[in-house]
Colleague: 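Once you've had a glance at the structure underneath, I'll fire off some questions.
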Amino acid sequence: MADPLRGLSLDEIIRQCREEARRSREQEIGYCFELFRRALQGSDEVAWAAIDHQYRPLVLTWVRQRAPDQADEEDLAQESFHHFWRSLSPHAPHLGDRFAHVGHLLNYLKQCATTATLDYWRQTERQARLQRTLELAESHEIVTRLTPEGDWEQADLLGRLRAWVEAHVTDVQEKLVLSASFENGLSPADVARHYPQVFADAAEVRRVKERVLKRIGRAFNA
């Protein structure tokens with residue numbers, strides 16, 4: 001049996017959805033669900049605009065529950081809708097098989113808002129860790145010794161070495177390896193453990209260390 005709501009105009013569906021949203025779940029007829037179906041299945045921009053207008057305040061409320069103070073809440077709300085669209089539009093013809101009513105759709109939209117906000121948190125934390133790493137590498141003396149004590153005792157050579165490092169070592173990983181290894185005396189395993197956001201494992205630390213030491217060796221043996 002055909003769904004009678006599918007024969008109604010979009011304007012009527014939008015109007016009835018607004019009214020339906022004010023009533024209890026038991027009084028729902030399905031206008032809001034039909035509005036979502038048309039937006040997802042037909043890529044109807046007018047239907048999407050109506051959904052955005054009606055539900056954005058709700059999405060913003062969900063975002064604010066988890067977002068940091070400096071977050072752009074409007075951007076996170078927009079990303080929530082985009083995630084919702086990307087996930088469901090390919091399966092729109094079978095929307096009714098997955099969601100029993102609009103409440104289930106809204107629960108999924110809430111999950112999308114949570115995902116968008118958590119992704120923002122993770123990205124913010126990654127950026128903060130990288131910034132701290134850069135500050136650490138720049139705030140410490142990069143090199144105090146390169147080989148066992150006594151090999152670089154000459155002050156003029158050490159000065160030239162430091163000057164070369166400051167001028168030629170700009171890679172974040174290389175700067176951090178030099179600082180951690182030769183100033184703080186950390187082993188490759190220790191470096192990898194202290195900076196998991198920068199190095200995958202001790203083997204990567206060793207590769208970076210060998211790479212930069214070879215360049216230094218070539219520069220000073222030329």
Side-chain angles (χ1 to χ4, degrees), residues 59-60 62-80 82-84 86-87 108 110-222:
V59 173
L60 284 170
W62 294 330
V63 165
R64 290 184 186 117
Q65 291 173 352
R66 292 179 176 271
D69 293 338
Q70 71 273 23
D72 190 324
E73 296 169 350
E74 288 291 342
D75 283 351
L76 288 176
Q78 192 64 27
E79 180 57 30
S80 302
H82 284 166
H83 186 90
F84 183 85
R86 290 192 300 267
S87 299
Y108 187 75
K110 184 177 183 179
Q111 292 177 26
C112 294
T114 299
T115 298
T117 308
L118 290 177
D119 286 346
Y120 178 89
W121 265 111
R122 294 187 188 102
Q123 181 181 5
T124 300
E125 282 297 306
R126 284 195 297 269
Q127 291 174 344
R129 287 196 300 268
L130 179 58
Q131 184 62 34
R132 289 194 294 269
T133 299
L134 288 170
E135 291 172 355
L136 174 66
E138 292 172 357
S139 64
H140 287 288
E141 192 68 55
I142 296 299
V143 175
T144 57
R145 55 187 173 85
L146 282 177
T147 56
E149 188 174 352
D151 288 359
W152 295 101
E153 291 182 346
Q154 297 179 10
D156 61 333
L157 184 57
L158 181 57
R160 288 191 291 116
L161 173 61
R162 289 174 175 170
W164 188 94
V165 167
E166 291 177 0
H168 295 89
V169 179
T170 58
D171 180 82
V172 172
Q173 286 185 320
E174 292 180 352
K175 292 172 71 174
L176 185 56
V177 163
L178 289 178
S179 176
S181 299
F182 300 114
E183 180 178 358
N184 300 325
L186 298 181
S187 69
D190 290 333
V191 175
R193 185 167 57 254
H194 278 79
Y195 305 103
Q197 72 277 14
V198 181
F199 302 103
D201 50 32
E204 183 178 17
V205 177
R206 283 190 288 270
R207 286 195 298 271
V208 173
K209 185 175 180 179
E210 291 172 2
R211 182 178 72 209
V212 68
L213 289 180
K214 284 180 180 178
R215 284 175 33 227
I216 292 173
R218 287 195 299 268
F220 280 81
N221 291 325

Colleague: Measure the spacing between CG of Leu213 and CZ of Arg206 and express it to the nearest 0.5 Å.
Modeller: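 Those atoms lie 13.5 Å apart.
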
Colleague: Output the distance between atom NE2 (His83) and atom OG1 (Thr114), rounded to the nearest 0.5 Å.
Modeller: 10.0 Å

Colleague: Quick one: pull up CG in Leu176 and NE2 in His194 and give me the separation to the nearest 0.5 Å.
Modeller: 11.0 Å

Colleague: Assess the residue pair Glu204 and Val198 against the criterion (side chain to side chain contact (heavy atoms under 4.5 Å, CB included)); give the C-alpha distance rounded to whole Å, side-chain angles, the decisive distance to 0.1 Å, and a yes or no.
Modeller: CA-CA 10 Å; Glu204 183 178 17; Val198 181; over 6 Å; no

Colleague: Could you tell me which non-hydrogen atom of Val191 sits nearest to which non-hydrogen atom of Ala180, and how far apart they are?
Modeller: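 Where Val191 meets Ala180 most closely, the heavy atoms are CG2-CB, 3.8 Å.
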
Colleague: If every non-hydrogen atom of Ala113 is compared with every non-hydrogen atom of Ser80, which pair is closest and at what distance?
Modeller: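 So the two residues come closest at CA-OG, 3.1 Å.
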
Colleague: Are side-chain heavy atoms of Val212 and Gln173 found at a separation under 4.5 Å?
Modeller: no

Colleague: Quick one: do Ser181 and Leu186 satisfy side chain to side chain contact (heavy atoms under 4.5 Å, CB included)? Show the steps, please.
Modeller: CA-CA 5 Å; Ser181 299; Leu186 298 181; 5.8 Å; no

Colleague: Does any N or O in the side chain of Trp121 come within less than 3.5 Å of the main-chain N or O of Ala116, such that one atom is a donor and the other an acceptor?
Modeller: no

Colleague: To check you understand the geometry: which heavy-atom pair defines the closest contact between Tyr120 and Leu76, and what is its length?
Modeller: CB-CD2, 3.7 Å

Colleague: What is the distance from atom CD of Glu79 to atom SG of Cys112, rounded to the nearest 0.5 Å?
Modeller: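 Glu79 atom CD to Cys112 atom SG measures 9.5 Å (nearest 0.5 Å).
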
Colleague: Side chain to side chain contact (heavy atoms under 4.5 Å, CB included) for Arg215 and Glu174? Distances and angles first, verdict last.
Modeller: CA-CA 11 Å; Arg215 284 175 33 227; Glu174 292 180 352; 2.7 Å; yes

Colleague: Ignoring hydrogens and geometry, is there a side-chain-to-backbone donor-acceptor pair from Ser179 to Lys175 under 3.5 Å?
Modeller: no

Colleague: Measure the CG-CD distance between Asp75 and Gln78 for me, rounded to the nearest 0.5 Å.
Modeller: 8.0 Å

Colleague: Quick one: pull up OH in Tyr108 and OG1 in Thr115 and give me the separation to the nearest 0.5 Å.
Modeller: 7.5 Å

Colleague: Which is it for Val177 and Phe199 under the side chain to side chain contact (heavy atoms under 4.5 Å, CB included) test, yes or no, and what are the steps along the way?
Modeller: CA-CA 10 Å; Val177 163; Phe199 302 103; 3.5 Å; yes

